[in-house]
Visitor: 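My questions all concern the structure below.
Since this is a predicted model, take the numbers as computed values, not measurements. For ligands, and for the atoms within them, numbers begin at 1 and follow the listed sequence. In what follows, residues are counted from 1 in the order of the sequence shown.
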Amino acid sequence: MASMDGQVALVTGGARGIGLAISTRLAERGVKVAVGYSRGAEAAKAFAAAHAGATLHQGNIGVAADCQRVIGEVLEQHGQLDILVNNAGITIDKTVRKMSVEDWDRVIHVNLSGAFYLSRAVLQHMLDRGYGRVINISSVIGEKGNIGQANYAAAKSGLFGLTNSLALETARKGITVNSVAPGFIATEMVSAMPEDVLAKVVAQIPVGRLGEPEEIARVVEFLADPDSGYITGEVYGINGGLYM
Ligand SMILES: NC(=O)c1ccc[n+]([C@@H]2O[C@H](COP(=O)([O-])OP(=O)(O)OC[C@H]3O[C@@H](n4cnc5c(N)ncnc54)[C@H](OP(=O)(O)O)[C@@H]3O)[C@@H](O)[C@H]2O)c1
């Protein structure tokens, strides 16, 4: 297994849910984790207190200037950025008939534009070093759509197009760009769903249960590994058989 000691990863939303599992797993491989957060300062501080070399970066990834600043901070504090995990995301669920333009825009900005802003901001650095791993956390909903989630599905689907285009643009430069598409994973995002809706969802999952954040993190670690340089422009579905 190639060493990841001394590498630096920015994990957006890296102190909660799936992001926390990714940050933890990468830190266990010797990666210094720059944790992106928006409102969860306490969780971010708790991660940094437990992991040497971790740094904290507050910002709204739906705002281009924040993304530019965060990348600048990471490069200033660590001197390099090897791995970008675009993990942060939100849902504002409503049927199209009830969805306001603001509901649409907010979800698109955070879930899709944020990945573009951060990738663009770090790209020249990765190109200069001839190395990079970009991993976009999409969703099974981006593959299949869902009632009440047109904004989220469009954003997560859009990540596939961003992933593949950036993968093509960087394929000869030592940079890989991939998407991971989780199914329903046991985090706060899912526990916010009404109990009866959640029970119906679980009944449809062939494996018969929600996924665990660690089951996403292990695939992200695999894609972030220096040895995974021949994998680019790919989607890794991790959904217990919900979509195949
Ligand atoms: N859970 C699932 O079943 C599931 C399934 C498929 C895909 N996903 C995707 O996986 C990713 C993580 O989901 P999760 O379940 O771990 O979510 P979560 O527990 O709700 O955490 C969301 C994370 O995103 C951050 N965040 C939200 N808005 C932000 C903004 N404007 N700027 C910067 N950071 C922001 C939050 O940071 P703060 O705490 O600082 O606000 C938090 O760390 C998301 O992209 C989600 O769409 C999740």
Side-chain angles (χ1 to χ4, degrees), residues 10-25 33-48 56-71 73 84-93 102 105-118 135-146 149 151-160 162-163 179-193 197-198 201-202 204-205 207 209-217 219-220 235-240 242-243:
L10 170 61
V11 183
T12 65
R16 273 182 37 203
I18 293 172
L20 175 61
I22 294 169
S23 298
T24 305
R25 187 124 189 156
V33 182
V35 175
Y37 70 96
S38 57
R39 286 160 303 164
E42 287 313 308
K45 281 183 197 157
F47 182 85
L56 305 181
H57 307 274
Q58 197 280 335
N60 178 356
I61 58 156
V63 175
D66 279 22
C67 293
Q68 193 73 41
R69 174 180 51 76
V70 163
I71 294 293
E73 280 174 18
L84 169 62
V85 185
N86 288 309
N87 164 76
I90 56 167
T91 50
I92 305 175
D93 295 350
E102 290 72 27
D105 284 348
R106 235 181 107 206
V107 169
I108 296 289
H109 283 143
V110 173
N111 292 305
L112 177 58
S113 304
F116 164 70
Y117 298 148
L118 287 164
I135 297 148
N136 295 320
I137 308 300
S138 178
S139 168
V140 69
I141 303 303
E143 298 176 296
K144 64 193 273 302
N146 200 18
Q149 292 199 301
N151 49 2
Y152 184 77
K156 294 300 191 182
S157 220
L159 282 177
F160 299 137
L162 171 63
T163 297
S179 304
V180 170
F184 288 85
I185 310 300
T187 69
E188 280 174 40
M189 185 178 271
V190 161
S191 56
M193 290 167 69
V197 176
L198 191 55
V201 165
V202 172
Q204 285 168 20
I205 301 171
V207 166
R209 62 169 176 85
L210 297 177
E212 294 297 327
E214 291 69 26
E215 292 177 299
I216 309 304
V219 176
V220 173
V235 179
Y236 279 70
I238 310 166
N239 55 44
L242 184 62
Y243 182 78

Visitor: Return the closest protein heavy atom for atom 16 (O) of ligand 1 as residue, atom name and distance.
Guide: Ile18 N, 2.8 Å

Visitor: Answer yes or no for Gly183: is there a heavy-atom contact with ligand 1 below 4.0 Å?
Guide: yes

Visitor: Considering only protein heavy atoms, which is closest to atom 10 (O) of ligand 1, and at what distance to one decimal place?
Guide: Ile137 CG2, 3.4 Å

Visitor: Considering only heavy atoms from C-beta outward, does the side chain of Thr187 approach that of Arg16 to under 4.5 Å?
Guide: no

Visitor: Mind listing the side-chain donor-acceptor pairs of residues 135-144 below 3.5 Å, one per line with the distance, residues two or more places apart or on another chain?
Guide:
residue, atom, partner, partner atom, Å
Asn136, OD1, Asn86, ND2, 2.8
Asn136, ND2, Thr163, OG1, 2.9
Ser138, OG, Lys156, O, 2.8
Ser139, OG, Ile141, N, 2.9

Visitor: N/O of Gly19 under 3.5 Å from N/O of ligand 1, yes or no?
Guide: no

Visitor: If you measure from each heavy atom of Ala43 to ligand 1, is any distance below 4.0 Å?
Guide: no

Visitor: What protein heavy atom sits nearest atom 1 (N) of ligand 1, and how far away is it?
Guide: Thr187 OG1, 3.0 Å

Visitor: What's the spacing between Asn146 CG and Tyr152 OH if we round to 0.5 Å?
Guide: 10.0 Å

Visitor: List ligand 1 atoms under 4.0 Å from Ile90, heavy atoms only on the residue side.
Guide: 27 (C), 28 (N)

Visitor: Within the 4.5 Å heavy-atom criterion, are Leu210 and Val190 side-chain neighbours or not?
Guide: yes

Visitor: If we set the cut-off at 4.0 Å for heavy atoms, which region of Asn60 has an atom near ligand 1: side chain, backbone, both, or neither?
Guide: both

Visitor: Any chance you could measure Ile238, atom CD1, to Ile216, atom CD1, to the nearest 0.5 Å?
Guide: 4.0 Å

Visitor: Which of the numbered atoms in ligand 1 are below 4.0 angstrom from a heavy atom of Tyr152?
Guide: 6 (C), 7 (C), 8 (N), 9 (C), 46 (C), 47 (O)

Visitor: Pairs of nitrogen or oxygen atoms closer than 3.5 Å, one from Ile185 and one from ligand 1: do any exist?
Guide: yes

Visitor: Pick one of side chain, backbone, both or neither for how Ala186 approaches ligand 1, counting any non-hydrogen atom pair under 4.0 Å.
Guide: neither

Visitor: Have a look at Ala88, Ala41, Ala21 and point out the one with the heavy atom closest to atom 25 (C) of ligand 1.
Guide: Ala88

Visitor: Using a 4.5 Å cut-off on heavy atoms from C-beta on, say whether the side chain of Asn60 contacts that of Val110.
Guide: yes

Visitor: Between Glu73 and Arg69, does at least one N-O distance fall below 4.0 Å, as a salt bridge requires?
Guide: yes

Visitor: If I take atom CG from residue Asp93 and atom CG from residue Asn151, how far apart are they, to the nearest 0.5 angstrom?
Guide: 7.0 Å

Visitor: Using a 4.0 Å cut-off to any heavy atom of Tyr37, which atoms of ligand 1 qualify?
Guide: 40 (O)

Visitor: Go through the steps to decide whether Val33 and Phe47 satisfy the test side-chain contact (heavy atoms from CB on, under 4.5 Å), and finish with yes or no.
Guide: CA-CA 10 Å; Val33 182; Phe47 182 85; 4.0 Å; yes

Visitor: One pair to check against side-chain contact (heavy atoms from CB on, under 4.5 Å): Ile61 and Asp66. What are the steps and the verdict?
Guide: CA-CA 6 Å; Ile61 58 156; Asp66 279 22; over 6 Å; no

Visitor: Using a 4.0 Å heavy-atom cut-off, say whether Asn87 meets ligand 1 through its side chain, its backbone, both or neither.
Guide: both

Visitor: Return the option from Gly36, Gly59, Gly13 holding the heavy atom at the smallest distance from atom 33 (C) of ligand 1.
Guide: Gly59

Visitor: For ligand 1, which atoms sit closer than 4.0 Å to a heavy atom of Phe184?
Guide: 3 (O)

Visitor: Closer than 4.0 Å to some heavy atom of Gly40 - which atoms of ligand 1 meet that?
Guide: 38 (P), 39 (O), 40 (O), 41 (O)

Visitor: Looking only at protein heavy atoms, which one is nearest to atom 19 (O) of ligand 1, and how far off is it?
Guide: Arg16 NH2, 3.6 Å

Visitor: Quick one: does Ala192 get within less than 4.0 Å of ligand 1, heavy atoms only?
Guide: no

Visitor: Considering only heavy atoms of Gly89, which atoms of ligand 1 have at least one such atom less than 4.0 Å away?
Guide: 22 (C), 24 (O), 27 (C), 44 (C), 45 (O)

Visitor: Determine whether Val85 and Leu10 make a side-chain contact, defined as any pair of heavy atoms from C-beta on separated by less than 4.5 Å.
Guide: no

Visitor: Does Arg25 pair with Glu215 as a salt bridge, N-O distance under 4.0 Å?
Guide: no

Visitor: Tell me: protein heavy atom nearest atom 7 (C) of ligand 1, and distance?
Guide: Ser138 O, 3.1 Å

Visitor: Kindly identify the option in Cys67, Gly14, Ser38 whose heavy atom sits closest to atom 38 (P) of ligand 1.
Guide: Ser38

Visitor: Can you check whether Glu188's main-chain N or O pairs, donor with acceptor, with Ser191's side chain at less than 3.5 Å?
Guide: yes

Visitor: Among all protein heavy atoms in this structure, tell me which lies nearest to atom 32 (N) of ligand 1, with the distance rounded to 0.1 Å.
Guide: Ile61 N, 3.0 Å

Visitor: Can you find a non-hydrogen atom of Lys156 under 4.0 Å from ligand 1?
Guide: yes

Visitor: Any idea which part of Val190 is under 4.0 Å from ligand 1, heavy-atom wise: side chain, backbone, both or neither?
Guide: side chain

